[in-house]
Amino acid sequence: MKIEELLIYAQSKIHKDHARILLGNLLNLNPLELLIHLEEDVSNEKVELYKKEVEALRNNKPLQYVLGYTNFYGNKLIVNENVLIPRFETEELVENTIKYINKLFNKEISIIDLGCGSGAIGLTLKQKLNNINTDVTLLDISDEALEVAKKNADKLNLQVNFIKNDMLENINKKFDVIISNPPYISYDEKIESVVKDNEPHLALYAKDNGLEYYKRILSTIENNLKEEFLIAFEIGYTQKEEITSIIKEHLKNVQIECLKDMQNRDRMIFIYSNNLLK
Ligand code: GLN
């Protein structure tokens with residue numbers, strides 16, 4: 001089949017932009033290049049693959065999983081069904097964390113990303129904080145997620161450490177920065193079917209009205225913090241008050257600041273030790 005015929009076929013089933021993105025991805029052409037090669041033949045093998053991908057998209061599979069990558073903070077990151085597709089809100093978490101780190105620290109720092117998934121947070125911090133030395137650790141309980149994170153680290157040529165573990169349980173090391181976008185959706189919350197039917201529930205849902213991981217992390221976090229520290233969490237937009245009181249229960253002499261995302265919803269909490277205030 002020719003490129004033009006394939007596009008006509010796909011556009012009857014899925015959105016035309018998606019039809020172009022998928023075919024471009026398969027043939028290593030950008031969408032504009034596709035349009036100047038409309039008369040070119042596509043091998044049978046690729047035609048079959050394309051039809052399968054169109055079908056997957058029609059069956060509500062997220063575009064990023066079909067493509068095998070997503071864009072995050074200027075990088076193309078590998079994603080598959082074993083990791084959450086990083087969201088815009090998480091880019092905002094990273095952006096603000098970089099600002100906090102630059103404001104609060106001016107020395108070598110160690111950072112751990114709890115529940116790293118694709119590695120989006122930890123790897124982006126490692127890459128963008130190139131004005132200071134960072135020792136970055138990515139932690140996840142899922143072997144499959146760690147495999148994706150390792151591939152992304154290789155792809156971006158970043159040297160980081162990996163740990164397979166259940167959050168901070170039995171971790172003895174102390175860090176300057178602890179960051180996490182843990183699962184925070186409560187089991188009874190209604191979420192979009194494209195998310196619920198495709199993304200790993202291990203990365204989405206948490207007991208205790210979605211607060212399980214904040215409680216677990218915060219209950220022992222002091223053991224893993226240096227004297228001067230920063231903690232950064234992504235949170236569900238209804239969880240600010242509850243998480244703030246969990247923080248106060250476990251940490252004294254800290255500043256707690258909540259920031260909103262671009263949709264004006266409470267989305268990030270930053271906690272830092274008072275002794276970092278200059
Ligand atoms: N922000 C994600 C969503 O809305 C959830 C991520 C999470 O639970 N950490 O689907």
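Ligands are counted one by one from 1 in listed order, and the atoms in each one are counted from 1 as well.
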K.L.:
Look only at interatomic distance and state if Val195 has a nitrogen or oxygen under 3.5 Å from any nitrogen or oxygen of ligand 1.
P.N.:
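Among all N and O atoms of Val195, none is under 3.5 Å from an N or O of ligand 1.
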K.L.:
Give the atom numbers and elements of ligand 1 that come within less than 4.0 Å of a heavy atom of Asn181.
P.N.:
7 (C), 9 (N)
K.L.:
Does a side-chain heavy-atom distance below 4.5 Å link Glu249 with Leu218?
P.N.:
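No. Closest side-chain heavy atoms not under 4.5 Å.
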K.L.:
Within the structure, is a non-hydrogen atom of Glu234 found at a distance of less than 4.0 Å from ligand 1?
P.N.:
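Within the 4.0 Å threshold, so yes.
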K.L.:
Could Arg87 and Asp261 be called an ion pair, given the rule that one side-chain N must be under 4.0 Å from one carboxylate O?
P.N.:
no
K.L.:
Give the residue and atom name of whichever protein heavy atom lies nearest to atom 10 (O) of ligand 1, and the separation in Å to one decimal.
P.N.:
Arg87 NH2, 2.8 Å
K.L.:
Counting C-beta onward and ignoring hydrogens, is there a side-chain heavy-atom pair between Thr90 and Leu84 closer than 4.5 Å?
P.N.:
no
K.L.:
Does the residue Ala203 have a heavy-atom contact with ligand 1, meaning some pair of atoms that are separated by less than 4.0 Å?
P.N.:
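Contact present.
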K.L.:
Could you check atom 1 (N) of ligand 1 against the protein and tell me its nearest heavy-atom contact, residue, atom and distance included?
P.N.:
Tyr184 OH, 3.0 Å
K.L.:
Here's one to test your reading of the geometry: is the NZ or CZ of Lys103 within 45 degrees of the ring axis of Tyr100 and under 6.0 Å from its centre?
P.N.:
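Satisfied, under 6.0 Å and within 45°.
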K.L.:
Give yes if a backbone or side-chain nitrogen or oxygen of Arg267 is under 3.5 Å from a nitrogen or oxygen of ligand 1, and no if not.
P.N.:
no
K.L.:
Is it true that Glu55 and Lys52 make a salt bridge, defined as a side-chain N closer than 4.0 Å to a carboxylate O?
P.N.:
no
K.L.:
Specify whether His201 and Tyr205 have parallel, tilted or perpendicular ring planes, treating 30° as the upper limit for parallel and 60° as the lower limit for perpendicular.
P.N.:
perpendicular
K.L.:
For ligand 1, which atoms sit closer than 4.0 Å to a heavy atom of Leu84?
P.N.:
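Ligand 1 atoms under the 4.0 Å threshold to Leu84: 6 (C).
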K.L.:
Taking 4.0 angstrom as the limit and counting only heavy atoms of Pro182, give me the atoms of ligand 1 inside it, by number and element.
P.N.:
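Atoms satisfying the 4.0 Å criterion: 7 (C), 8 (O), 9 (N).
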K.L.:
Taking the six-membered ring of Phe162, is NZ or CZ of Lys150 closer than 6.0 Å to its centre and within 45° of its axis?
P.N.:
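Yes; both conditions hold, so Lys150 lies above the ring face of Phe162.
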